[in-house]
Structures are given as C-alpha cells and as structure tokens.
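Nothing here was measured: the structure is a model prediction, and the numbers come from that model.
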Amino acid sequence: MNTCSVDFEALKRVAIIRVDFMRRDTTLTTLLLKNIHTLATMDDARRELHDAWITVRDGVIEAVGNGQAPATAAAEIYDLHGHVVLPGLVNTHHHMYQTLTRVIAQDRELFGWLRALYPIWARMNGEAVYVSAKLAMAELMLSGCTTSSDHLYIYPNDVAIDDEIRAAQEIGIRFHAARGSMSVGESKGGLPPDSVVEQEDDILRDTRRAIETYHDASRFAMLRVVVAPCSPFSVSQDLMREAAALARSYGVHLHTHLAENANDVSYSLETFKQRPGPWAESVGWVGDDVWHAHCVKLDGDEVDLFARTHTGVCHCPSSNMRLASGIAPVRRMIDTGVPVGLGVDGSASNDSSHLLAEARQAMLLQRVNGDPAGLSGREALWMATRGGADVLGRDDIGQIAPGMAADIIAYRLDTPAMAGAQHDPVAALAFCQPGNVGLSIINGRVVVKEGELQPLELPLLIEAHNGISQRLIRGD
C-alpha cells in the first residue's frame, strides 16, 4: 500500500517556528480588556453590555462590568472600543484529517462520497494526520473557535490519536480528542472497505490507553478524551455496548454519527430492525454523557427521547447541505430541550472549518421551509457557545462570567461586512458575512492578535499541508 510521503524540510521549518513560540512566555498572568463596544456574555441572563471591560487572572475570568474599567497592573491591556466580544466558539464535531481531501466527490450523497474517499484516506500516515489537524485548528481559531472536538475514526499505517493531540498541545486550542473506530468492513455487511477497519479488541485497548494517558477531568482542562465508534454502518452493536461501558467506567463522554441521511436510516432498519433512536437507546447510547452528530432524520419520537435523556446533538448544516442529507429538526430539538451545539464537520464535506460561518448557516437553514423566525441570530450564536459547552459536558466554558475559563474572542466592527450594522453588532455576527477574529484568547493566552495567529507561521504550515495533500490524492 502506498502511503503519503512528507515534505520533511517544510515540516522542519514549521517545527522550528513552533518550538521558538513555545519557549517564549506567552501565557499572561493578568489581562484587562477595556472599552469593549459590545460584550455578549452568553451568561444565564444573556446580558449584553456596552462600553464593557473584562479582567483575567491565571487563565480565568476574574470580573466583568461596564463603564470605567478598574485600575489594574495587568500584564497586558487591550483597548477594544471598535470590537464586539463574546465567549470563544465551541466546535462539537470535526474530522480534521479531511482538510487534506477537500473538493472531492463533489456531487455524491454520504455513502457514495465515503466510498470515493476511503481509498485515499487509507494512504494517510501519522505526519499527515498531525499536519492536517494543525491546519484545521488554525482555521478554526482564526474563525473564533477556542474549543474543538475531533472525531478521528480511521487508523491506517502508523496513525494514532496522539498525532492530533500533539498538534492541539502545540497550537494551544482547548481540545476533546474523540478516539473513533471502524470495525465492520464490507465483508461483514458494513460500508468501509476491510482495509481501513480495526479489530475490536485493539480498538478498546487503544481507547483505554488514550484515556489513561491524556484525559484530564479537572475544571479548565485543555485536553479530554472521548470514546467514539464511528457509525451504525461501520461498527458492531457489541462494540457500541462495550465502548459505552468503557467510557462510563472512566467517566468520559461518548460520541458517534446518527441518522445522517435516508440511507443511514435504511441501513439501521434493514440491519437492526430499528430506527436510529431506538437503536441508540438499545446499545446504551443515550444520556447526558452522549452526543450524536447530524441527526438530520430523527423523527418526533426520537427527538423526545433525546430531550428526556438530555442526549446531545451536534448540528452540521453546511455538511448536511453539501451531501444533500436534509435539514435537521433543530427548532424542535431546541424547543423540547435537546442540547444542541454546532460543528463544522469534516473539511471534505463542508469544505471549510469556519465556525462563525456555520452559525450563520444554521440560522438560515432553519428558515428555508418558510418560517422567517425559525432560528434567530442570537440563538445561532448561543448554539455556537453555550450549546456546544453543554453538549461537551462542560460548565467552565461558553460564557463570559467570573469564574469561567478565559476563552474570549473579539471581532472588529470597522470592516466592510459590518458597515450599516452598528446598531446591532451581536446579530450582525450571524447575519453579515462571517469574518475572522481580531483577537482570540484561550485559557488566558493570546493566540490571535490583530488577526494574526501567534503560535506558528501559517504560510509554512500551509506549504507542508498542501504538499502532503497533493501526494495523498495522487497516490504517490
């Protein structure tokens, strides 16, 4: 089997920049953000403050207010008079390696799209996963994302979950690493080719290793591990049950794909004689420690089941549209109490990693069927912040309030896209053309400043990424 080779010189240059950055003291013990034009706190009262300020100490928000900022000896002060500020966005579903294979199988639905891409992904190696994850994280961070999960479910050659964990630790994003898996190949009635599936004992063993090596259950954790068999059409029911038991023995969360399109539902009915919701319940995959991606085809009873059990959903509107999967019943989910977050999904089915753009798509898509109030701009932003935090089981991110993690983003108001929207800059983030952040702070550390990513030189990363992508697609 061919595996993608690596441009080691480009990777070396990226590594040198990264090591130099990590040697500098970039973690500020105290910060003051002052003169904030508009602050959308996303706190329980959904307060929006004008001429606001925030103080940060040791990675945690210390105080929030408006009017005259407090006198302080903060290590660094930012004047945000021309910015709208909100908590960092939370991405609850991604396949970061797919940044390597954008714009392929452009006119296929989910199953055909996967069949076209599996053979390409089978050529990946660990360096490809590492570089693609770092590129995806950079794109997310520039869009305003400060916390992301990633669902890595394919492990050819020397690929390991450690590859993307290394990328997250180097670039400084708050990360939930979902150790995915596939175990049922075509010979056993599944969708993926046998060459890209694993043995179930190996899956469980490596998942346990990942949890014991990396999972941090503490408040403000920068790294957590998630147990994440891929989908009903690529794993066995036994693996689903054993994975749920493993996750709960360690107190970690569970994640998978569910009810993504009509073919996905048909597979469940033909194979398990159950719709996706009852199937998930039968294998122990409902509860407040579980979230499912897509859920486009959940019916009313299944939505009610998720609401009763506080089972989370990640809505991926761009991917669902790209693959012609349909429109998820997000309005009903929200109204019945299902926790709903947003995800960009894999960059081969989006084909982007811009989370603010995803919030805008979510808002617009819920209006397509005729309800102009199907989802408001503020509801979309809530899904991208508080909704995502709830889905990931976190009570320390997603809002700007004392005692919360200092994950804070600021968008400039003096751009062409925001012109004419100064009267409601919060809604403008969802209604107007999505832009990149001017400032981003993760865990009290400035990672984007004046629109520039601080942890690395982006052109070098892009160069290395493109080299790997081209060789991977060509099969060199």
### Message
Taking the side chain as everything from C-beta on, heavy atoms only, tell me whether Asp162 gets closer than 4.5 Å to Tyr214.
### Response
yes

### Message
With heavy-atom distances below 4.5 Å as the criterion, would you say the side chains of Arg331 and Glu379 are in contact?
### Response
yes

### Query
Roughly how far, to the nearest 0.5 Å, is the CG atom of Leu114 from the OG atom of Ser234?
9.0 Å

### Query
Got a second to check how far Gln433's CD is from Leu356's CG, nearest 0.5 Å?
10.5 Å

### Query
Above 12 or not: heavy atoms from other molecules or residues under 6.0 Å from CD of Gln237?
yes

### Task
Kindly say whether Ser353 contributes a backbone atom to a donor-acceptor pair with the side chain of Glu139 at under 3.5 angstrom?
yes

Solution key, residues 183-190 side-chain donor-acceptor pairs under 3.5 Å, sequence neighbours excluded:
unit_1 : atom_1 : unit_2 : atom_2 : d
Ser183 : OG     : Glu200 : OE2    : 2.7
Ser187 : OG     : Asp194 : OD1    : 3.3
Ser187 : OG     : Asp194 : OD2    : 2.7

### Message
Strictly distance-based, threshold 3.5 Å: is any side-chain N or O of Asn443 a donor or acceptor partner for the main-chain N or O of Arg445?
### Response
no

### Task
Taking the side chain as every heavy atom from C-beta outward, state whether Pro232 and Thr271 have any atom pair closer than 4.5 Å.
no

### Message
Using every non-hydrogen atom in the two residues, find where Cys314 and Thr92 come nearest and quote the distance to one decimal.
### Response
SG-OG1, 3.0 Å

### Query
Which value, rounded to the nearest 0.5 Å, describes the distance between Ile442 atom CD1 and Arg174 atom CZ?
8.0 Å

### Message
Gln106: which residues meet the side chain to side chain contact (heavy atoms under 4.5 Å, CB included) condition with it, sequence neighbours left out?
### Response
Val103

#### Entry: More than 12 heavy atoms of other groups within 6.0 Å of Gln199 CD
no

### Thr213 vs Ile165 side-chain heavy atoms within contact, under 4.5 Å
no

### Query
Does a side chain donor of either Ser148 or Asn91 reach within less than 3.5 Å of an acceptor in the other side chain?
yes

### Query
Of the non-hydrogen atoms in Thr256 and Pro229, which two are nearest, and what is the gap between them?
OG1-O, 2.7 Å

### Query
Does the gap between the ring centers of Phe233 and His257 come in under 6.0 Å?
no

### Closest approach of Val303 to Val338 (non-hydrogen atoms, all atoms of both residues)
O-CG2, 3.6 Å

#### Entry: OG1-CG distance between Thr99 and Leu135, expressed to the nearest 0.5 angstrom
5.0 Å

### Query
Any Lys/Arg nitrogen of Asp299 or Arg332 sitting under 4.0 Å from an Asp/Glu carboxylate oxygen of the other?
no

### Message
Just verifying a value: how many Å separate His294 NE2 and Leu323 CG, rounded to the nearest 0.5 Å?
### Response
8.0 Å

### Within-4.5 Å side-chain heavy-atom neighbours: Asn436 and Val448
no

### Message
Between His255 (side chain only) and Trp291 (backbone N and O only), is there a donor and an acceptor less than 3.5 Å apart?
### Response
yes

### Query
More than 12 heavy atoms of other residues, nucleotides or ligands under 6.0 Å from CG of Asp216: is that the case?
yes

### Query
Side chains of Glu212 and Tyr250: does their closest heavy-atom pair fall under 4.5 Å?
yes

#### Entry: Short side-chain to backbone donor-acceptor contact, Thr336 and Met333, under 3.5 Å
yes

### Query
Is a salt bridge present between Arg378 and Glu48, judged by a nitrogen-to-oxygen distance below 4.0 Å?
yes

### Task
On the 0 to 90° scale, with breaks at 30° and 60°, tag the His151-Tyr153 ring pair as parallel, tilted or perpendicular.
perpendicular

### Query
Judged by atom type as modelled, is there a donor-acceptor pair below 3.5 Å linking the side chain of Asn350 to the main-chain atoms of Val344?
yes

### Message
If I compare all heavy atoms of Glu109 with all of Asn261, which pair ends up nearest, and what's the gap?
### Response
OE1-ND2, 3.0 Å

### Task
Please tell me if the side chains of Ser181 and Leu239 come closer than 4.5 Å, counting only heavy atoms from C-beta onward.
yes

### Message
Give me the atom names and distance for the closest heavy-atom approach of Pro402 to Ala63.
### Response
CG-CA, 4.2 Å

#### Entry: Residue list, side chain to side chain contact (heavy atoms under 4.5 Å, CB included) with Ala328, at least two apart or on another chain
Val296, His315, Val330

### Summary
salt bridge (charged side-chain N to carboxylate O under 4.0 Å, His left out) pairs touching residues 343-372, sequence neighbours excluded, are Arg322-Asp351

### Task
Kindly compute the distance separating CG (Leu254) from CZ (Arg248), expressed to the nearest 0.5 Å.
5.5 Å

### Ionic contact status for Glu198 with Arg205, cut-off 4.0 Å
no

### Task
May I ask you to test the Leu392-His253 pair for a side-chain heavy-atom distance under 4.5 Å?
no

### Heavy-atom closest contact (Ala167 atom, Tyr130 atom, distance)
CB-O, 3.7 Å

### Query
For His465, what residues pass the ring pair (Phe, Tyr, Trp, His ring centres under 6.0 Å) criterion, not counting sequence neighbours?
none

### Query
Sequence neighbours excluded, which residues qualify as ring pair (Phe, Tyr, Trp, His ring centres under 6.0 Å) partners of His292?
Phe306

